[in-house]
Amino acid sequence: MVNSQVIGIDVGGTAIKLGRFKPDGSCLQCLTVATPQPSTPEAVLAVMVDAIAQVDPYNQAVAIGVGTPGPADKTGRIAQIAINLPGWQNVPLADWLEAKTGKPTVIANDANCAGLAEAWLGAGRHFHNLILLTLGTGVGGAIILDGKLFVGHQGAAGELGLITFNPDGLMCKSGNSGSLEQYASISAIRRRTGKEPSELGALAAAGDIKALTFWQEYGKDLGIGLASLIYVLTPQAIILGGGISASFEFFFPAVKAEIEQRVMFTSRVGLQILPAQLGNSAGMVGAAKLVISH
């Protein structure tokens, strides 16, 4: 695959992002299209096939990687479930795309793709052991151990936002009560404040005391959640991505303080907590990396 081009696709609840990439990660062409509503597997497939033709008009790409919002099976063929997309259960997405495009296809969880991207070209490129949390509509995660994506026994490892944060907390779509996602996601912030994270970021930047206090509380909660993950994985770096990470500067001090208080020094030697660098393109870049690695 020395000079071969690949297509990376990031399937989200509101938008589908595609790019055609060289093996070094440089993007030759990219495109964002609206996710069809309702976003049934068949409707999404049709939109993807059309968009692939637009992003690769001369049929130069040799393979396709796809990130979907939920776990894929270990073989990278089946989208097992997508919590926020209707009717997505055990969808053989790789088979479908191969049949429509004639190109070998591999799929993975979108947060795993973002983790691969940050480890390859982003904030994690200097580390062999790291975790990524995507702080967005939900809270996703990815684990990179010894430079490789860790997917666990059946391919569903790394659901870092679904760990128990408060055993008596709100019910999560996963079935867990009081998961970290119920405290650290965009919907959690809306529920707590009645505002969007971007509004709270702008208010904090303008010195608003209420907003600054909120971000301190948010950072404390996130730090508590991260402490459990650090004890288990002892990463060199924690990368924080997703839309909420735009306010990193306001919640980072509280995250750091909480971790220093809760985690023994031996488990956090040299630990760095960093904002993600690739923004909205991380999913499609990581999907390209996924297929290049395969």
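- Although no hydrogens or angles enter the test, the distance criterion places a donor-acceptor pair under 3.5 Å between the side chain of Y218 and the main chain of A184.
- Judged purely by atom type and a 3.5 angstrom limit, Q37 uses its side chain to pair as donor or acceptor with the backbone of T35.
- Under a 3.5 Å cut-off, the side chain of R125 and the backbone N or O of G122 do form a donor-acceptor pair.
- At distances below 3.5 Å, at least one donor-acceptor pair connects side-chain atoms of K74 with backbone N or O atoms of G152.
- Distance CG/L132 to SG/C113: 11.0 Å, rounded to 0.5 Å.
- Here the CG atom belonging to L149 is positioned 4.5 Å from the CG atom belonging to L116, to the nearest 0.5 angstrom.
- Minimum heavy-atom separation, G169 to S177: O-CB, 3.7 Å.
- Considering all non-hydrogen atoms of both residues, Q29 and P57 come closest at OE1-CD, 4.0 Å.
- A side-chain contact (heavy atoms from CB on, under 4.5 Å) with I9 holds for exactly one of V291, I64, I107, L31; it is I64.
- Here the OG1-CG distance, from T68 to L85, works out to 8.5 Å after rounding to the nearest 0.5 Å.
- Here the closest heavy-atom approach between residue V62 and residue S4 is recorded as CG2-CB, 3.6 Å.
- In K103, the NZ atom is crowded: over 12 heavy atoms of neighbouring residues, nucleotides or ligands sit closer than 6.0 Å.
- Looking only at distances, no side-chain donor or acceptor of R20 sits under 3.5 Å from a matching main-chain atom of L28.
- D110 has its side chain within reach of D10: a pair of non-hydrogen atoms, C-beta onward, lies under 4.5 Å apart.
- Note that CG of N129 is 10.5 Å distant from NZ of K148, once rounded to the nearest 0.5 Å.
- Between Q216 and L212, the closest side-chain pair of non-hydrogen atoms is not below 4.5 Å.
- Between L97 and I52 the shortest side-chain heavy-atom distance falls below 4.5 Å.
- Under a hydrophobic clustering in which Ile, Leu, Val, Met, Phe, Trp and Tyr are joined whenever their side-chain heavy atoms come within less than 4.5 Å, directly or via other members, L93 and V47 fall into the same cluster.
- Judged by distance alone, the side chain of E118 and the main-chain N or O of L278 form a donor-acceptor pair under 3.5 Å.
- For N166, the CG atom is densely surrounded, since the number of other residues' heavy atoms within 6.0 Å is greater than 12.
- With hydrophobic clusters built from ILVMFWY side chains whose heavy atoms lie under 4.5 angstrom apart, I143 does not share a cluster with L130.
- Ring geometry for F248 against F252 counts as parallel: the plane angle stays under 30°, on a 0 to 90° scale with 60° as the upper cut.
- Using a distance-only test at 3.5 Å, with no hydrogens or angles considered, no donor-acceptor pair links the side chain of E181 to the main chain of G140.
- Using a 4.5 Å cut-off on side-chain heavy atoms (C-beta onward), E217 and R192 make contact.
- Checked by atom type and distance alone, the side chain of R77 pairs as donor or acceptor with a backbone atom of T105 at under 3.5 Å.
- In this structure, the side chains of F251 and L240 come closer than 4.5 Å at one or more pairs of heavy atoms.
- Shortest non-hydrogen contact noted between G19 and C27 is CA-SG, 4.3 Å.
- Between the side chain of D56 and the main chain of A61, a donor-acceptor pair closer than 3.5 Å is present.
- The closest side-chain heavy-atom distance from V66 to M48 is below 4.5 Å.
- Formation of a donor-acceptor pair under 3.5 Å by the R268 side chain with backbone atoms of V263 is found in this model.
- When all heavy atoms of G115 and A142 are compared, the closest pair comes out as CA-CB, 3.9 Å.
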Using the rule given for side-chain contact (heavy atoms from CB on, under 4.5 Å), can you reason through L180 versus L160, listing the C-alpha separation, both sets of side-chain angles and the distance that settles it, and then say yes or no?
CA-CA 8 Å; L180 180 61; L160 304 181; over 6 Å; no
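- With rounding to the nearest 0.5 angstrom, the CD1 atom of I189 is 7.0 Å from the CG atom of L200.
- Residues F127 and Q272 are in side-chain contact: their nearest non-hydrogen atoms beyond the backbone lie under 4.5 Å apart.
- Counting heavy atoms from C-beta on, the side chains of W96 and E42 come closer than 4.5 Å.
- Just one of V285, D24, I144 meets the side-chain contact (heavy atoms from CB on, under 4.5 Å) condition when paired with W120; it is V285.
- Separation of atoms NZ (K256) and CG (L226) is listed at 14.0 Å; rounding is to 0.5 Å.
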